[in-house]
Amino acid sequence: MEKMHGTRTCRQGFFCCILCSTIYIFIASILHFIPSIKKKKLFHRMIDFSFMTFTLLFFTHLLVHAELTQPPLFACDSSNSLTKSYPFCRTKLSTSQRVNDLVSRLTLDEKISQLVDSTPPIPRLGIPGYEWWNEALHGVAYTGRDSRFNGIITSATSFPQVILTAASFDSNLWYRIGQAIGAEARAMYNAGQSSGMTFWAPNINIFRDPRWGRGQETPGEDPLLTGKYAVAFVRGIQGDSFEGGKLNGRLQTSACCKHLTAYDLDKWKGVNRFVFNARVSLQDLADTYQPPFQSCVQEGKASGIMCAYNRVNGVPSCANYDLLSKTARGQWKFNGYITADCDAVSIIHDEQGYAKLPEDAIADVLNAGMDVDCGTYLLNYTKSAVTQKKVPVSQIDRALRNLFSVRMRLGLFDGNPAKLRFGNIVTNQICSKEHQDLALEAARDGIVLLKNNGKLLPLPKSNTHLSLAVIGPSANSSYTLRGDYFGPPCKNFTTLQALQGYVKNIIYHQGCDHFAKCPTASIKEAVEIAKKVDYVVLIMGLDLAQEREELDRIHINLPGKQQELIKSVAEASKKPIILVILSGGPVDISSAKDDNKVGSILWAGYPGEAGGIAIAEIIFGDHNPGGRLPITWYPSDFVRVPMTDMRMRPDPSSGYPGRTYRFYTGRKVFEFGYGLSYSRYAYEFISVTQNKLYLNQSSTYHKVEDLDTIRYKMVSELGTEFCQKISTSVTVGVRNDGDMVGKHLVLLFVRPKEHRKGNPLKQLVGFQSLKLDGGERTDVKFAVSPCEHLSRANEAGLKVIEEGSHFLLVGDEEYQIDIIV
Ligand SMILES: *[C@@H]1O[C@H](CO)[C@@H](O)[C@H](O)[C@H]1NC(C)=O
Ligand SMILES: *[C@@H]1O[C@H](CO)[C@@H](O)[C@H](O)[C@H]1NC(C)=O
Ligand SMILES: *[C@@H]1O[C@H](CO)[C@@H](O)[C@H](O)[C@H]1NC(C)=O
Ligand SMILES: *[C@@H]1O[C@H](CO)[C@@H](O)[C@H](O)[C@H]1NC(C)=O
């Protein structure tokens, strides 16, 4: 199945030629010098002919090879005496000294030319062009500008779309995926096959509304989960593992936390992201929208931030000084570059009318702290903004210092990067077996078993006479498996093809016309097929024509005639059917959930290039599913809530139900964190180091408004040291009561004993993944920090801890801890 990669074929051929030529030179030399053999002229000629042929082949190969590989783009070529003399090329100086020197040498026009994503070279200083815009959400991907896959590299490992990878709740897995993507990206650059190493991933906006078309790109609806994903992915892709995590600011590749902030609406009922003004309370900003960004920057040490299109409380994010300069650079100590989303600067004037003139928009973003524009707007209007004294050149210099610092940290001003620190990362990394195996592991570990009545799954795999119907619009598509923001995968393999590896006797039917949209379905044919076979696997759900960037959904039902098709096939089938849902966002599949003839349901997100194999392995029991939903699955009537309402907290007086498992008060189809397995697991709380937390060291406290009797403390008043002191270690025993080995996720939540207005109903505190054999048990430890995990934001956006009792929750087990203020 595996297709040999272009580069590897080339490399192997190259070595093969050298080897063959050497052998022939050796044989020919021996023949020349042995007189007795010299007489055998025919044989001698044969050898000579072969020798010449191979020499010719060898040189042809050298030529071809030389044509294919190009040197990477870099500045400060040590063989160039001119550039060598510049202080900005001296690696012994600090980055800030080098950057200051470089910026001081630029003319105003040169400076302006560097403020956009496609920067031109500055030949007089030996500086090549650079492309800031690169994508690698779940594998190195295509972008609008880069021609990365046109040369010797034609593919990259396609990991599952992020929403499914998140369902594994496994930081180590996320880290390894980041590493693999970073290595493939660096290898491409080293081989001269790309013009940039600043990747605009991860997307860590909270998946607030099930209709959001880009929800699939995110790790889901929980701020803690999203923050942890960000940290792991960023550390991996930036190369945190090198030199024991002490890279000293150096970057394998650069990550970008996007989109700051409260961006989670693309295009819904005539409202689009360019004009949308998200009205967000300080409270929701503090304990929902901002925490993932803070983690991404502070803990992940991300070297990039993207400011979003939308306005927040009237102010465009890219023009928000408080957000970019005070919060990100000031409070979070961000030291990378800030890019605008593509054309986000032009809309500040053209669509939002926030800036009167184009020059005002330029001044707004540069004065706010944005460094680079994806687009051309800054090329066109920065000079006039300077002439009109709307923006000082010092702001441009600040932006350039941030930009060139990142390019230097990537090692692009130290001579040929292929000979430097990350130079040993070469093209054999791309689509390597390890990376493709990792893509399969991620798909396996993410897929969620939503229903398994009467242990229908796994199907018997030893039964060679088994007949199977595989029905569905995406069953034989490798494209749908990828999800949005993809590159060309290492291999194209479909779910149908994977199932054919298990069962010979398969009848396939696409079931729907027009892909997942399914305006018409071949219900009669599908029913006839279903009657004939032992088992039916229906592969339904969404695709990119239903949900993607610039396309939010209007309803959250299965599209078109899918529902009818499922019901009819289930009714006709001999045994209960197996339903596989491909989707990023949740779908209301209540009727399948409640239908006894639908025996099993799997949610597979968009599982990437190896996703079909993972689905087949789970159906036939070669893998025990253990993924959990990273988002609440709402019933279809949830869509009566306007998508534009950003409030997380419910408002009972107006019937507003709130959002996500932390606040939503309505009925759910499936809960956040839900997921079954072929094994059953039992838990018990073994120990909790502190179950009474005394915050009454000082007698000052505050009282909750309207509830005179409830006291609380501000987290800032308690101080970091005290917060550490009251940190609690929780040990939970876990036992696999089944007989099948499985990777199991332990999710620890906390729930207040008495729910008060404005507080989360429940909150994720930690998660760990472990592998347990059938019958095996083990202990897992969690660190619970009350200041972080038992607090909430007040209406002013400040963290507070209230007195009262909480339950720690694992599965159905509860453990009470009390807070005394
Ligand atoms: C900038 O100017 C160029 C050339 O006149 C034009 O093609 C481009 O559309 C302009 N860009 C913007 C964002 O207005
Ligand atoms: C499934 O797709 C593959 C690849 O596009 C194709 O070769 C194969 O014929 C298809 N199978 C069926 C049964 O249509
Ligand atoms: C996979 O399919 C796409 C489009 O159908 C094609 O461009 C690409 O070359 C294929 N990749 C491989 C590795 O076969
Ligand atoms: C804190 O409260 C506990 C329980 O009410 C009490 O026993 C203790 O003396 C208080 N500590 C201080 C310093 O007031």
Side-chain angles (χ1 to χ4, degrees), residues 1-9 139-142 147-159 184 427 430-433 435-436 439-440 467-513 515 522 525-526 529 533 536-539 543-544 582 606 608-613 615-616 690-701 709-713 717-719 722 725-726 786 801-805 816-821:
M1 224 66 249
E2 202 156 320
K3 202 177 144 218
M4 188 57 83
H5 198 276
T7 330
R8 249 181 288 153
T9 318
V140 181
Y142 298 112
S147 54
R148 186 178 303 265
F149 296 108
N150 291 345
I152 56 167
I153 290 151
T154 53
S155 58
T157 310
S158 165
F159 294 93
E184 295 198 4
T427 50
I430 300 162
C431 290
S432 68
K433 178 159 190 313
H435 292 179
Q436 293 195 53
L440 175 58
S467 61
L468 187 69
V470 179
I471 300 169
S474 300
N476 200 31
S477 161
S478 57
Y479 174 81
T480 309
L481 297 180
R482 264 173 262 169
D484 214 352
Y485 277 84
F486 54 82
C490 310
K491 56 186 168 207
N492 291 312
F493 203 66
T494 70
T495 313
L496 174 64
Q497 288 170 318
L499 290 167
Q500 282 165 338
Y502 283 92
V503 182
K504 291 241 152 32
N505 187 3
I506 287 190
I507 308 176
Y508 159 70
H509 198 285
Q510 66 181 33
C512 290
D513 297 320
F515 311 103
S522 318
E525 292 90 324
I529 293 169
V533 295
V536 179
V537 176
L538 273 176
I539 300 177
D543 60 22
L544 294 188
L582 296 173
Y606 297 116
E609 64 171 53
I613 300 170
I615 292 170
Q690 305 188 63
N691 59 14
K692 294 223 181 314
L693 301 166
Y694 294 100
L695 310 186
N696 58 346
Q697 274 70 0
S698 85
S699 52
T700 55
Y701 54 81
T709 50
I710 308 297
R711 300 171 176 189
Y712 71 87
K713 284 253 159 83
E717 288 167 359
L718 295 172
F722 183 78
K725 213 176 98 191
I726 55 171
I801 306 188
E802 286 175 15
E803 66 181 351
S805 300
Q816 185 172 330
I817 47 180
D818 303 320
I819 296 177
I820 298 107
V821 170

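Atoms within each ligand, like the ligands themselves, are counted from 1 in listed order. This one's a predicted model, so the numbers in the text were calculated from it and none came from an experiment.
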What protein heavy atom lies closest to [atom]? Include the residue and the distance to one decimal.
atom: atom 5 (O) of ligand 4; result: Ile820 CG2, 4.2 Å
atom: atom 3 (C) of ligand 2; result: Asn476 ND2, 3.7 Å
atom: atom 4 (C) of ligand 2; result: Gln497 NE2, 4.1 Å

**Asked** Only one of Phe515, Tyr606, Phe486 forms a ring-ring contact (aromatic ring centres under 6.0 Å, His included) with Tyr479, so which one is it?
**Response**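 Testing Tyr479 for a ring-ring contact (aromatic ring centres under 6.0 Å, His included) against Phe515, Tyr606, Phe486 leaves exactly one candidate, Phe486.
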Mind checking whether Ser699 and Asn696 have side chains closer than 4.5 Å, heavy atoms only?
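Side chain of Ser699 against side chain of Asn696, heavy atoms only: no contact under 4.5 Å found.
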Quick one: does Leu695's side chain get under 4.5 Å of Phe722's, heavy atoms only?
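SC-SC contact between Leu695 and Phe722 confirmed.
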Can we call the ring centroids of Tyr142 and Phe149 under 6.0 Å apart?
->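 Yes, they do, as the ring centres are separated by less than 6.0 Å.
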Check whether any protein heavy atom sits under 4.0 Å from atom 7 (O) of ligand 2.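 Within 4.0 Å of atom 7 (O) of ligand 2, no protein heavy atoms are found.
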Protein heavy atom under 4.0 Å of atom 11 (N) of ligand 2:
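Under the 4.0 Å cut-off, atom 11 (N) of ligand 2 does have protein heavy-atom neighbours.
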**Prompt:** For Glu609 and Thr157, what are the C-alpha separation, side-chain angles and deciding distance, and is it a side-chain hydrogen bond (donor to acceptor under 3.5 Å, both in side chains)?
**Reply:** CA-CA 8 Å; Glu609 64 171 53; Thr157 310; 5.3 Å; no
**Report entry** Contact partition for Ser155 relative to ligand 3, non-hydrogen atoms under 4.0 Å
**Finding:**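 Neither; nothing of Ser155 gets under 4.0 Å from ligand 3.
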Notebook entry, point to check: What are the atoms of ligand 4, with element, lying closer than 4.0 Å to any heavy atom of Asn696?
Noted result: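 What qualifies from ligand 4 is 1 (C), 2 (O), 3 (C), 8 (C), 10 (C), 11 (N), 12 (C), 13 (C), 14 (O).
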State the atoms of ligand 3, each with its element, that fall below the 4.0 Å cut-off from a heavy-atom position in Cys490.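 Atoms satisfying the 4.0 Å criterion: 13 (C).
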- With Tyr508, which of Val537, Leu496, Leu499 fulfils side chain to side chain contact (heavy atoms under 4.5 Å, CB included)?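 So, applying the side chain to side chain contact (heavy atoms under 4.5 Å, CB included) to Tyr508 and each of Val537, Leu496, Leu499, only Leu496 qualifies.
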